[in-house]
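This report concerns only the one structure given below.
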Number of protein chains: 2
Amino acid sequence: MPAPALLRARDGGSAATRRAILAAAEALLAQGGEAGLSIRELCARARVTAPTVYHHFGDKGALLDRLVDACFAELDRAFTRRRSPADPVEALRWGFDRYVEYGLAHPSHYRLMFQRSMPRRPTPAALASYDRLRRRVAAIAAAGRLVPAVEDATAAFWSAVHGVTSLLIAGFWKSDAPAVTLVREAMLNQLTTQLTS
Amino acid sequence: MPAPALLRARDGGSAATRRAILAAAEALLAQGGEAGLSIRELCARARVTAPTVYHHFGDKGALLDRLVDACFAELDRAFTRRRSPADPVEALRWGFDRYVEYGLAHPSHYRLMFQRSMPRRPTPAALASYDRLRRRVAAIAAAGRLVPAVEDATAAFWSAVHGVTSLLIAGFWKSDAPAVTLVREAMLNQLTTQLTS
DNA sequence: GGTACTCCTATAACGGCGCTATAGGAGGCC
DNA sequence: GGCCTCCTATAGCGCCGTTATAGGAGTACC
């Protein structure tokens with residue numbers, strides 16, 4: 001069946017264009033934040049004209065959605081690249097640090113993910129990322145060491161780590177400030193029980 | 001000395017213009033968020049032309065700074081309007097709830113205060129607001145019931161309440177969700193000691 | 001081989017934005 | 001009267017996101 005191959009060849013060319021656009025968008029975002037990401041500058045970088053961008057992504061908001069999806073995938077990779085501790089509580093503590101680490105390493109990306117100037121519904125990748133955290137919390141519950149309900153504990157933990165990361169990125173204190181540890185341990189102490197065996 | 005009076009009369013007219021501009025900006029912000037706040041629309045509302053705005057405020061960023069200052073003053077009023085509990089730990093818990101309350105009541109304002117699309121240095125009113133929280137925490141330390149250092153406890157507490165408020169505003173969960181209480185009590189338990197007398 | 005048909009991309013423009021160069025009116029000071 | 005300073009308006013620049021229009025390239029059928 002050569003037809004699908006040819007189709008794929010065409011789609012491949014189109015997909016390459018899409019990838020070039022997304023790559024240029026990512027570069028502009030990393031360089032100048034959301035404000036520095038203009039369609040016109042992006043077109044110049046990707047060697048593409050505006051209608052091409054709009055043909056592939058619809059509008060700027062949808063393009064940013066795709067970019068945000070890529071960012072969440074990268075965030076997930078921060079958790080899967082290295083093996084997390086076996087103990088579920090330790091794994092949650094470890095996840096807190098990886099999350100903060102990602103935010104500090106990619107501040108412009110993090111801001112786009114959570115503080116879009118034009119707020120949007122969460123993208124699928126965002127929900128998947130949230131679900132990953134929920135599973136980590138559920139593992140603690142499965143071990144009989146989670147105090148509140150899984151859903152509530154997940155929401156509380158995420159809001160705490162998000163608050164820390166936001167203010168770290170805003171430059172309000174240094175990444176090794178004791179406040180970071182204070183928030184992390186406060187949440188772990190509140191949500192989980194120590195091993196009593 | 002009639003001269004000062006006349007000067008004040010003139011300045012009064014000018015100050016009225018400033019107030020009209022800020023009022024129109026606040027109205028537009030409340031209506032359409034930061035994205036809906038354009039100088040041109042603002043000029044139409046305030047019955048003023050663009051150069052007048054730039055004469056009084058410099059540029060849009062500085063105008064928003066003044067608006068943010070007014071928002072922080074309003075936030076402070078949320079704490080001073082009602083009397084806070086006498087017990088310093090209870091007062092901090094009470095402050096947590098007032099803070100979240102303000103964010104939910106003025107989501108567009110809160111977003112402007114902490115999530116400007118073009119990030120800025122904290123305004124004087126923002127620093128004053130932070131200082132107010134620090135004093136609340138210091139009162140706990142003065143009562144011998146604060147575990148960490150005042151500065152660290154303040155930063156940790158603020159980041160926690162900011163995280164909760166941000167995600168509440170983003171619509172991620174309902175305001176009466178148990179997660180809000182979980183974060184609040186986690187921080188209070190971590191930062192303070194119970195009365196042991 | 002010719003011819004419709006579908007994808008993809010480019011030219012050129014529209015309306016709106018933040019901002020400003022320039023200038024003029026209104027009152028205080030001599 | 002003339003001068004000077006403060007405040008405001010006219011008109012325009014350069015940028016933005018977006019799109020109406022149209023043309024080129026590969027596919028399918030005759």
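What you are looking at is a predicted structure, and each value in this text was computed from that prediction instead of being measured. Computed from heavy atoms alone, side chains included, the values below leave out hydrogens, waters and symmetry copies. Order of the sequence lines fixes the chain letters, A, B, ..., with proteins taken first and strands second; residue numbering starts at 1 for each chain.
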By salt bridge (Lys or Arg N to Asp or Glu O under 4.0 Å) - contacts of A:Arg116 (at least two apart)
A:Asp65
Could you list the residues that satisfy salt bridge (Lys or Arg N to Asp or Glu O under 4.0 Å) with A:Arg40, not counting sequence neighbours?
none
Within the 4.0 Å heavy-atom criterion, would you say B:Thr49 contacts the bases, only the backbone, or no part of the nucleic acid?
base
Residue pairs fulfilling salt bridge (charged side-chain N to carboxylate O under 4.0 Å, His left out) with at least one residue in [range], sequence neighbours excluded:
| range | value |
| --- | --- |
| residues 151-176 of chain B | B:Arg134-B:Glu151 |
| residues 155-171 of chain B | none |
| residues 180-190 of chain A | A:Arg93-A:Glu185, A:Asp97-A:Arg184 |

Among residues 39-48 of chain B, which contact DNA chain C at a heavy-atom distance under 4.0 Å?
B:Ile39, B:Arg40
Which of residues 51-65 of chain A sit near DNA chain C, with a heavy atom under 4.0 Å from it?
A:Pro51, A:Thr52, A:His55, A:His56
Taking CD from B:Glu34 and P from C:dC17, how many angstroms apart are they, rounded to a whole number?
15 Å
Rounding to a whole Å, what distance do you find between A:Leu28:CG and D:dG17:P?
10 Å
Sequence neighbours excluded, which residues qualify as side chain to side chain donor-acceptor pair (under 3.5 Å) partners of A:Tyr110?
A:Tyr99, A:His162
Residue pairs meeting ring pair (Phe, Tyr, Trp, His ring centres under 6.0 Å), one or both in residues 62-81 of chain A, sequence neighbours left out, come to A:Phe72-A:Phe114
Taking the inter-plane angle between the rings of A:Phe96 and A:Phe157 on a 0 to 90° scale, is it parallel (under 30°), tilted (30 to 60°) or perpendicular (over 60°)?
perpendicular
B:Thr17 side-chain N/O to D:dT8 phosphate OP1/OP2 under 4.0 Å
yes
